[in-house]
Amino acid sequence: MEPNTSPDFSVDTKTDGRGFSHEEIVVAYHERTKHHYHRYAASLGYLDWAKQPDPFRRYDGAPLVSLPLPAEGRELPFWQLYVRDSVMLTPLSVESVSLFLRYALSLTAWKQFQGATWPLRANPSSGNLHPTEGYVLLPSLEKFHNLPGVYHYAPKEHCLELRAEIDPTSWASFPEGSFLVGLSSIFWREAWKYGERAFRYCQLDVGHALGSLRFAAAALGWKVRLLDRVAGAALARLLGLDRDADYVRAEREHPELLALVVREEGSSDRTVSLSEDVITRVANSQWQGNANVLSPGHGVEWPVIDQVAVATMNSRIVTNEEFSSFPSEAELFAAPVRSGPFSAEKVILGRRSAVSMDASTAISEATFFRMMARLVPTRDGRSMPWDVLHWRPRIHLGLFVHRVNKVAPGLYLLARDPEKVTSLRQSMRPEFLWQRPASCPQGLPLFLLKEGDCRALAANVSCGQDIAGDGAFSLSMIAEYLDCLVVYGAGFYRNLYWEAGLVGQVLYLEAEEAGIRATGIGCYFDDPVHEVFGIASRDWQSFYHFTVGNPLEDVRLTTLPAYGLGEAG
Ligand SMILES: Cc1cc2nc3c(=O)[nH]c(=O)nc-3n(C[C@H](O)[C@H](O)[C@H](O)COP(=O)(O)O)c2cc1C
């Protein structure tokens, strides 16, 4: 992962040259990056502050196009984002693109403590290191630019950097009335702190960012569709990430995903594929700008990250999966939610991680059940934000319930695909109860496994982080791991993390709406978590932890506005 190594974006052979299949490489990576009680996954073991990566990528020399900072105080209620077709459709304009990026990927505050200042963003990130970079491919927009273009988003300035102009005839083959969003990762940003496990965190961050994009689009009446027909190599060319000359000493970006942002829903949105010819014409455009160097040297390499990145570059196409066995909205929510305390803007821009929880406040059962219901797609398969993914849920929740009124403390299971209850049950401890909690909405696949105080256990398996025991509940996201790798190929390893990140993003926003807070937990002891639930095979694996509860604010910190202070940081 030396910055100037040109990554191999073009790999589509089934093995890595040493005879290992891509699936074997993924399994080996996943195993070696597990945290154990007696041994954490390999990392430097200390923070080399001199090499701390710059959290802001810039393309020096690329023309900077300012986005008008949207006026604050939009009153659209948060709950309305979930009600299909209820938000007025916003026309595509400079202003609406600006609002979209503001809600999705912008800075939301600067924090200050003892002379140190650091920014927070709408999308969370492990260690606040922000490996995810955002791109938009826009048509020509009045007052903005008279040609379609590939733009890199610069969150610190809330500006777009014009990397390449696209000739209008090429743009004509892009889906009409829509635009594209691309995400890439700079693995080094996470690897600097977390070593080999960093690839997992980068993928979780991509999932959070995808969620952030989906909620931002919902606030404008738009929809987002993940395009899995554009392969990694094609995406690298489309975003200019394969251009060695633009990254000479700078850290490379790795293509993650491409999504279509649409105003009107079309049945063929998901199957959009860009022809080789269009991609070549974009790639052959005049590109501008040179990537900045994020760290003065790295000093350490983590080759397994590059290996797993190559092995997971492409997955097999997931054909549309059907959702007829899923509950309807009426079955999932005792009463469909049509009111709430906060605006979408307050929830989205106010989202923060709790740093610690108060270890006392209980939440109501209604709040708990509503949060769980938000995580299950509805029968029509189109409930926001799950409509962004085209596969049935492969992430289920093993819950540690601590403080929910009228819900007994203990271990619970939320099967996010109701048809997976039987196989989950067969894979877990035989003594588990599998009882439906009283008053749980009829369509919510939630089960009590075992009653008891699991506060210490939850904290213990989350790397001893008190935050997992001091909230209302915490959880482990259990992935249908091996089956997905077999059916969809090694590339689906990333998809599983994206889905987990998206689950996390919903929990973050739902916690804000409920007046409490959440925190993603990437540090947990993998196999001890499996042991808690009695998972003995590798079919199911824990991919992410989360905690939700009443936060303790750190009053020593000062909060400054995201923009308008000049050079805050
Ligand atoms: C993938 C991921 C893993 C995280 N892991 C932890 C963790 O193990 N412990 C923790 O206290 N916070 C964790 N966080 C929270 C981040 O530290 C937090 O998102 C970051 O500092 C930015 O702050 P914000 O969420 O308030 O914007 C994690 C966040 C993400 C997205």
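We count ligands from 1, going down the list as the structure has it; atoms in each ligand are counted the same way.
For Ser343 and Glu75, the side-chain atoms include no donor-acceptor pair closer than 3.5 Å. Side-chain contact annotation: Glu480 with Trp540, donor-acceptor N/O pair under 3.5 Å absent.
Here the protein heavy atom with the shortest distance to atom 27 (O) of ligand 1 is Arg351 NH2, 2.8 Å. In this structure, atom 26 (O) of ligand 1 lies nearest to the protein heavy atom Ser353 N, 2.8 Å. The shortest contact between atom 6 (C) of ligand 1 and any protein heavy atom is with Gly520 O, 2.8 Å.
Those atoms of ligand 1 with a heavy atom of Asp205 less than 4.0 angstrom away are 1 (C), 31 (C). Within ligand 1, counting atoms from 1 as listed, the ones closer than 4.0 Å to a heavy atom of Cys523 are 8 (O). Numbered from 1 in the order shown, with element, the atoms of ligand 1 that lie under 4.0 Å from a heavy atom of Gly127 read 17 (O). Near Ile521, the atoms of ligand 1 lying under 4.0 angstrom from a non-hydrogen atom of the residue are 5 (N), 6 (C), 7 (C), 8 (O). Near Leu120, with a cut-off below 4.0 Å to any heavy atom, the atoms of ligand 1 are 23 (O), 27 (O).
The side-chain hydrogen bond (donor to acceptor under 3.5 Å, both in side chains) check on Thr33 picks up Arg200, with sequence neighbours excluded. Residues satisfying the salt bridge (Lys or Arg N to Asp or Glu O under 4.0 Å) test with Lys450, not counting sequence neighbours, are none.
Under the 6.0 Å distance and 45° angle rule, Arg197 counts as a cation-pi partner of Tyr524.
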